[in-house]
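Residue numbers begin at 1 in each chain, while the letters A, B, ... track the order of the sequences.
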Amino acid sequence: MPPHHARHSSAARRNMTSSTPNSMAAGQASYDPAAVERKWQERWRVERTNSPDLDGAEHPFYQLMMFPYPSAEGLHIGNVFAFTGNDIHGRFQRLQGHTVFEPIGFDAFGIHSENYALKVGIHPMELIPRNIENFRRQLRRVGLMVDWTHELSTTDPPYYKWTQWIFLKLLERGLAYRGKAAVNWCPSCKTVLANEQVVNGACERCGTPVGQRFLEQWFFRITEYAPRLLADLDWIDWSEVTRTAQRNWIGKSEGAEIEFAFRAPMSGASVRVFTTRPDTIFGATYVVLAPEHPLVDMVTTASEQRVVRAYVDRAAKRDLVARKTGDREKTGVFTGGFVTNPATGAPVPVWVADYVLMEYGTGAIMAVPGHDERDFEFAGRFGLPIVRVVAAKGEGVDTPLASAYTDNVGGRLVNSGQFDGLTVPEGKERIVAWLAGRGAAKATTTYRLHDWTISRQRYWGPPIPVIYCDECGMQAVPEKDLPVVLPYVADFRPDDSGISPLARHEEWYRVPCPECGKMARRETDVSDTFLDSAWYFLRYPSTEFEDRAFDAGRTKRWLPVDSYIGGNEHAVLHLLYTRFVTMVLHDAGYLNFEEPFKKFRAHGLIIRDGAKMSKTKGNVVNPDEYIERWGADTLRTYLMYLGPFDEGGDFRDSGISGVKRFLDRLWASSHEMRSDGAPDDAVMRKLHRTIRKVTEDTARLSYNTAIAAMMEYMNTLRSNERVPHRAEVEPLVQLVAPYAPHVADELWERLGHPDTIFSSRWPSFDPSLATEEEIEVAVQVNGKLRGTLRVARDVTQDQVLAAALAVPAIAKFASGTPKKVIFVPGRLLNIVW
RNA sequence: GCCCGGGUGGCGAAACGGCAGACGCGAGGGACUUAAAAUCCCUUUCCCUUUGCGGGGAGUGCGGGUUCGAUUCCCGCCCCGGGCACCA
């Protein structure tokens with residue numbers, strides 16, 4: 001149901017095209033967002049308003065938003081929310097005098113695109129450009145300050161040439177390697193997934209339970225960077241939630257590796273375990289190996305061979321889902337072998353159980369059932385001894401353990417020989433030192449983070465630039481031969497073989513060896529999409545250079561990114577890989593910074609009717625509809641007004657009319673205002689307070705309260721049908737500009753300014769005007785509010801107290817001299833009798 | 001289970017430890033108008049009391065605590081959302 005202005009729209013449009021500066025007084029047209037937005041989007045394009053001088057900017061500001069994946073469904077309202085939040089910040093910085101670069105691009109490679117292409121039966125090379133075109137159209141309508149001359153798509157050969165180049169840099173530095181490994185295999189997408197892409201044991205993309213496969217894969221040695229990736233989190237200016245997520249993902253654990261020597265008949269060998277609780281070693285009553293552990297065969301005695309073999313086989317077949325989720329009932333088998341507890345000298349049995357994971361620590365643990373829940377459960381189930389070695393206050397060696405006692409702060413060591421009575425931290429240190437002295441232990445740090453699997457047995461990605469030669473072995477594709485272009489192949493469907501579709505195209509993969517010239521074979525896997533997006537921000541300022549990934553001068557001027565705002569769903573994927581790649585390029589001498597973003601802020605999620613938007617739920621909001629009905633300016637401002645930007649919010653139709661009304665009133669005020677005489681003093685004070693608040697709130701992304709402040713000022717401007725003065729209105733148009741750029745530019749022009757409002761300077765506030773002369777002070781008696789007083793701003797405590805005592809409603813509580821008087825200047829007076 | 005968020009009117013939400021509910025939506029009433037729209041004005045947490053003006057009390061998920069004063073800080077719970085999940 002289009003609002004009131006619909007029937008005026010054609011008249012409005014006529015009026016607008018003929019409007020000239022200063023024509024406002026004559027025949028004001030009502031606000032027609034569609035016409036205004038069309039006009040200004042065109043003007044900005046023609047005048048290149050949003051293309052900064054990348055080489056000459058004196059105060060560069062790089063505002064980066066997370067580039068979208070161009071889905072067939074088109075732009076999502078969540079994208080609009082995120083981009084608007086970025087755009088407001090970028091426009092605000094520009095009004096502050098910065099030269100702002102706000103680029104956008106498309107993250108168009110990857111499984112998501114490819115799966116959709118398979119579903120609709122259209123080749124991605126046709127589908128993706130179509131989707132991108134639709135995204136461009138929609139993005140333009142939102143009115144973003146995007147520099148379209150630096151647009152990029154990860155699927156363009158001039159872009160992925162450099163993605164491949166980055167792969168080669170990692171290869172050169174020994175950070176890319178091939179290895180056969182148990183990998184997550186999605187049977188539906190028929191490809192390998194990184195750990196980060198497995199959600200609850202299922203494929204992040206399609207939801208199919210993920211299985212386990214052993215495949216030869218390319219890995220990036222991100223674990224080598226774990227300590228640095230972790231350390232920098234202490235100082236980078238990022239949202240705390242994101243830093244915490246990364247910290248947890250990297251998962252640093254300090255502890256020790258301890259050797260448990262095998263007993264006869266295998267004397268001489270030993271198994272190394274990792275533990276974070278070396279203090280509990282006197283309570284280690286058995287040792288557990290992961291089923292994949294290389295020592296399993298060796299330790300297993302002849303009599304146990306059959307059972308152990310069967311268990312190991314079953315574990316190998318059991319996919320990672322069943323093992324990592326669902327029923328977690330502990331299982332395991334005894335190997336028949338024994339090792340010696342290096343602290344007690346006692347023999348302890350060696351078991352195999354799948355609750356121990358090969359990929360973490362050493363793949364073997366010392367089990368301390370008394371002080372570890374999992375070990376407690378396992379020991380209970382298999383009748384293994386449970387020994388107490390830590391006791392809380394009031395407990396002794398013999399206090400029975402109904403469950404594992406895992407507290408590592410309050411307890412004291414017991415049953416631990418010479419170490420009895422120590423606290424847990426003391427025990428850790430002393431026991432490790434003691435064992436280390438005998439060569440049986442060393443303090444170590446372990447990380448949860450795994451190396452990054454980047455091979456994808458799929459079609460839609462950049463081919464990994466490597467050639468295998470029977471004579472010379474694995475060869476990197478020489479830089480001059482980049483890009484290795486992804487060929488158009490009609491049959492790009494993956495199959496169960498675990499081999500990439502490109503491996504079916506001999507005409508493509510047969511190439512001469514760059515070293516010896518004999519026929520060799522290209523790598524037929526492509527790389528993970530997350531590699532594409534790990535460096536895109538480096539490319540934007542340099543899109544016109546074909547002979548380098550990023551130009552040194554441009555990079556020096558524009559990077560690192562000043563402000564990056566995006567969804568926290570990327571906290572441990574994109575944002576971690578990006579930091580890693582940046583560090584590697586820094587170490588390789590290509591960048592002089594190792595952290596890519598000076599500032600990162602996570603925004604919230606837009607939901608609908610309390611639920612995440614999805615096609616199946618049918619609650620997807622199409623931005624086009626809202627832009628048509630209300631205009632982009634209203635939609636933008638409304639999305640920001642919904643709630644705190646970092647929390648997101650529930651998108652409902654109710655409320656959007658209030659924002660439209662606000663812009664209508666801004667329009668009306670700009671036309672009705674008077675220019676003669678002087679502005680109202682009280683209104684001007686309110687204006688300066690508003691400028692201060694909007695400036696502060698916009699800077700810290702508190703958009704909802706900034707908008708509220710502008711609305712409040714609008715109420716002041718128009719209260720009791722007063723006619724506002726030009727000096728009262730004009731600055732408001734500027735304050736609104738980051739939020740509702742089209743209407744602001746239109747009104748700015750109508751106010752007689754020939755240039756875009758975005759080349760004007762943000763209004764400043766006068767601190768003395770921003771302060772009220774008279775203030776209201778709350779008067780409390782014994783902490784309870786009993787009245788308020790209007791007093792001069794700079795009154796003293798005694799003056800307020802005297803005034804308060806003169807008020808009967810307060811004086812009636814008086815009983816002698818007050819025990820205490822608390823005075824908060826400008827706020828309140830509390831009298832305690 | 002662990003780690004993050006969050007819980008405030010009919011609704012979305014504000015609130016440096018200092019007048020809880022700004023701003024907006026919705027609802028009700030009024031002015032202007034032939035009428036409508038637009039605009040402007042008033043009311044809108046709950047309970048008690050008062051013919052009215054007014055007065056009193058309770059109240060920010062629950063229970064404690066610190067403080068002259070707590071939505072805000074501390075301790076212990078409950079509920080909702082998200083993430084991680086046998087990580088030794």
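Taking 90° from 0 as the syn/anti boundary, the base of B:G24 is oriented anti.
Nearest to the side-chain atoms of A:Arg652 among the listed nucleotides B:A88, B:G56, B:G12 stands B:G12. Distances were taken from every side-chain heavy atom of A:Asp354 (C-beta onward) to each of B:G18, B:G57, B:C86; the shortest belongs to B:C86. Side-chain atoms of A:Asn720 lie closest to B:C41 of the nucleotides B:A13, B:C41, B:A88. Of the listed nucleotides (B:C4, B:C84, B:G57), B:C84 has the atom at the smallest distance from the side chain of A:Trp249.
Atom CG in A:Asn782 sits about 16 Å away from atom C1' in B:G56, given to the nearest Å. Across the protein-nucleic acid pair, A:Lys693 atom NZ and B:A14 atom P stand 10 Å apart, rounded to whole Å. In this structure, the CG atom of A:Leu666 is 13 Å from the P atom of B:U39, given to the nearest Å. The nearest whole Å value for the distance from the CZ atom in A:Arg448 to the C1' atom in B:C3 is 11 Å. If you measure from atom CG of A:Asn248 to atom C1' of B:G82, you get 13 Å, rounded to the nearest angstrom. Per the geometry, CZ belonging to A:Arg718 stands 7 Å off P belonging to B:U39, to the nearest Å. Distance, A:Asp650 CG to B:G81 P: 13 Å, rounded to whole Å. In this structure, A:Arg247 atom CZ and B:C84 atom C1' are separated by 16 Å, rounded to whole Å.
Using atom P as the reference point in both B:G17 and B:G10, the two lie 27 Å apart (nearest Å). The gap from the C1' atom of B:C2 to that of B:A70 amounts to 30 Å, rounded to the nearest Å. With both ends at atom P, the span from B:G7 to B:C16 equals 14 Å, rounded to whole Å. With both ends at atom C1', the span from B:U39 to B:G52 equals 32 Å, rounded to whole Å. For the P atoms, the distance linking B:C80 with B:C86 amounts to 24 Å, nearest Å. Across B:A22 and B:U44, the matching P atoms stand 10 Å from one another, rounded to whole Å. Taking atom P in both B:A20 and B:U72, the straight-line distance is 14 Å, to the nearest Å. Nucleotides B:G61 and B:U8 have their C1' atoms positioned 10 Å apart, rounded to a whole Å.
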Decide side-chain contact (heavy atoms from CB on, under 4.5 Å) for A:Thr634 and A:Ile656; before the verdict, give the C-alpha distance in whole Å, the side-chain angles of both, and the deciding distance to 0.1 Å. CA-CA 7 Å; A:Thr634 295; A:Ile656 193 166; 3.8 Å; yes
Pair A:Leu717, A:Arg722 - check side-chain contact (heavy atoms from CB on, under 4.5 Å), show working. CA-CA 7 Å; A:Leu717 265 191; A:Arg722 74 185 288 278; 4.0 Å; yes
Given A:Gln246 and A:Leu575, is the side-chain contact (heavy atoms from CB on, under 4.5 Å) satisfied, shown in steps? CA-CA 9 Å; A:Gln246 291 214 350; A:Leu575 288 170; 3.5 Å; yes
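No engagement by A:Thr446 is indicated, since no non-hydrogen atom pair under 4.0 Å with the nucleic acid exists. The residue A:Leu642 sits close only to the backbone: its heavy atoms come under 4.0 Å of sugar-phosphate atoms, none of a base. Heavy atoms of A:Arg786 sit under 4.0 angstrom from primed sugar atoms or phosphate atoms, though from no base atom. Among the atoms of the strands shown, only primed sugar atoms or phosphate atoms (P, OP1, OP2) are found under 4.0 Å from some heavy atom of A:Lys784.
Pairing partner, B:G1: B:C84, with both Watson-Crick or wobble hydrogen-bond distances short of 3.5 Å. Across all strands shown, B:U66 remains unpaired; no Watson-Crick or G-U wobble contact has both distances below 3.5 Å. B:G12: Watson-Crick or G-U partner is B:C23, with both key distances under 3.5 Å. Nucleotide B:C32: unpaired (no Watson-Crick or G-U wobble partner with both distances less than 3.5 Å).
Between A:Tyr739 and A:Phe662, the distance separating the two ring centers is not shorter than 6.0 angstrom. Ring-centre distance between A:Phe378 and A:Tyr286: below the 6.0 Å cut-off.
More than 12 heavy atoms of other residues, nucleotides or ligands shown are found within 6.0 angstrom of CD on A:Glu776.
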Could you list, one pair per line, each protein nitrogen or oxygen that sits under 3.5 Å from a nitrogen or oxygen of nucleotides 71-73 of chain B, together with the distance?
none

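Between A:Val824 and A:Thr276, the residue anchored nearer the 5' end of RNA chain B, judged by the nucleotide with its closest heavy atom, is A:Val824. The 5' end of RNA chain B is approached more closely, in terms of each residue's nearest nucleotide, by A:Glu647 than by the other of A:Val832 and A:Glu647.
Remark: the A:Arg665 side chain and the A:Asn715 side chain contain an N/O donor-acceptor pair separated by less than 3.5 Å. Side-chain atoms of A:Ser702 and A:Thr705 form a donor-acceptor pair, as typed in the model, at a separation below 3.5 Å. Side-chain atoms of A:Tyr355 and A:Thr331 include no donor-acceptor pair closer than 3.5 Å.
Checked by distance alone, A:Lys330 brings a side-chain donor or acceptor within 3.5 Å of a matching partner on the base of B:C86.
Between A:Phe645 and A:His603, the two ring planes are tilted [angle within 30° to 60°]. Aromatic ring orientation, A:Phe382 versus A:Trp351: tilted (interplanar angle from 30° to 60°).
By the 6.0 Å and 45° rule, A:Arg601 does not stack over the aromatic ring of A:Trp238.
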One character per nucleotide, please: for nucleotides 19-28 of chain B, 5' to 3', B when the base has a protein heavy atom closer than 4.0 Å, S when only the sugar-phosphate does, - otherwise. B--BBSS---
